[in-house]
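Indexing begins at 1, ligand by ligand and atom by atom, following the structure's order. Keep in mind that this is a model prediction, so the values were computed, not measured.
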Amino acid sequence: MRLGIMGGTFDPIHYGHLVVAQSSYHHFRLDRVVFVPAGQPPHKLGRRVTPARQRFLMVALATMSNPAFDVSDLEVERPGPSYTIDTLRAFRKEVGPDGELYFITGADATLEILDWKDPEELLRLACFVAATRPGYPGTELEEVRAKLPPAAAARIVSIEIPALAISSTEIRRRVAEGAPIKYLLPEPVEQYIMKNRLYAGRAQPEEARPDRVEEGSR
Ligand code: ATP
Ligand code: MG
């Protein structure tokens, strides 16, 4: 069993995430890729994050048409901050000692691995896939490897993916400003955002709400 694990906040999920997952699936001949939305991301405690249930639903909508993709509620259901180490231990149990785990991240996330809980243990549990991301040069990865014992360093592998300069931050900003997000993320996710007024609430044009009835109009 070769299992890919795509962790993230997914607030919201977008085509950058999906391309990284699909490229890793192909490149490492994975059996499937499980998306694991973070419950309480420990590194994002400073900002307001959309409720986990809604981020989970958006990931489910985005991945439902791909038979190789799955979504897990492991972190969403676990109380307290979501640590990758706990997640990898859980998946290690699932695949057994002979299974192979690939934890898929963008280059920016991999560069932070030394600050995560138990980096060496993390790298024993899974190979870390560092996918290219616009704005994060691959050369810095060497500096991370240099600070690790060789066996751990060898478990960080990088892959080149078609560059998509899409981020959830940019999508949230665009929604708040009323700018289009079409073609940056799957359509059902876009519809979910608009229907539930995520990221903006009020910023939608009137014509986007045809079923809205003004108070006192009937
Ligand atoms: P935010 O802007 O809120 O941080 P994000 O777009 O970075 O959101 P995350 O949920 O933080 O999305 O990312 C989950 C994982 O996907 C991370 O490992 C991140 O590096 C990776 N990732 C996100 N967008 C891209 C992209 N466009 N190309 C490559 N990797 C990406
Ligand atoms: Mg991010």
Just to be sure I read this right, does ligand 1 sit under 4.0 Å from the backbone of Val20, its side chain, both, or neither, counting only heavy atoms?
side chain
Just so I know, are the side chains of Pro12 and Ile193 near enough to count as touching, which here means a heavy-atom distance under 4.5 Å?
yes
Measuring from atom 14 (C) of ligand 1, which candidate in Gly106, Gly7, Ala21 has the nearest non-hydrogen atom?
Gly7
Phe10 heavy atoms within 4.0 Å reach ligand 1 at atoms 10 (O)
Heavy-atom contacts under 4.0 Å between His14 and ligand 1: side chain, backbone, both, or neither?
side chain
How about Leu198 and Val175: do any of their side-chain heavy atoms sit closer than 4.5 Å?
no
Ring pair (Phe, Tyr, Trp, His ring centres under 6.0 Å) pairs touching residues 85-112, sequence neighbours excluded, are Phe28-Tyr102, Phe103-Phe128
Less than 3.5 Å apart, any donor N or O on the side chain of Arg78 or Thr87 sitting next to an acceptor on the other?
yes
Under the ring pair (Phe, Tyr, Trp, His ring centres under 6.0 Å) test, residues paired with Phe69 that sit two or more places apart
Phe35
Which ligand 1 atoms are under 4.0 Å away from a heavy-atom of Thr132?
29 (C)
So does Arg174 pair up with Glu170, basic N to acidic O under 4.0 Å?
yes
Check Arg92, Arg155, Arg89 against Glu121 for a salt bridge (charged side-chain N to carboxylate O under 4.0 Å, His left out) and give me the one that passes.
Arg89
Regarding atom 25 (C) of ligand 1: of the candidates Arg55, Arg172, Arg133, which has the closest heavy atom?
Arg133
Can you name the atoms of ligand 1, numbered from 1 with element, that are less than 4.0 Å from a heavy atom of Gly8?
10 (O), 14 (C)
Of the side chain and backbone of Val19, name the one, both, or neither that has a heavy atom under 4.0 Å from an atom of ligand 1.
neither
Test log, rule side chain to side chain contact (heavy atoms under 4.5 Å, CB included), inputs Ser23 and Ile159
CA-CA 8 Å; Ser23 299; Ile159 62 164; 4.2 Å; yes
If you count the atoms of ligand 1 from 1 in the order shown, which ones are under 4.0 Å from a heavy atom of Thr169?
1 (P), 2 (O), 3 (O)
Would you mind reporting whether Asn66 and Gln22 have side-chain heavy atoms less than 4.5 Å apart?
yes
Quick note on ligand 1: atoms under 4.0 Å from a heavy atom of Asp108 include exactly 19 (C), 20 (O)
Is it the side chain, the backbone, both or neither of Ser167 that has a heavy atom closer than 4.0 Å to ligand 1?
both
For atom 23 (C) of ligand 1, which of Glu112, Met6, His17 has the closest heavy atom?
His17
Side-chain heavy-atom pair Pro186, Tyr15 within 4.5 angstrom cut-off
yes
Can you list the atoms of ligand 1 that are under 4.0 Å from a heavy atom of Thr105?
18 (O)
Just jot down the ligand 1 atoms closer than 4.0 angstrom to any heavy atom of Thr9, in number order.
10 (O)
Examine Pro134 against ligand 1 and note whether any of their N/O atoms are separated by less than 3.5 Å.
no
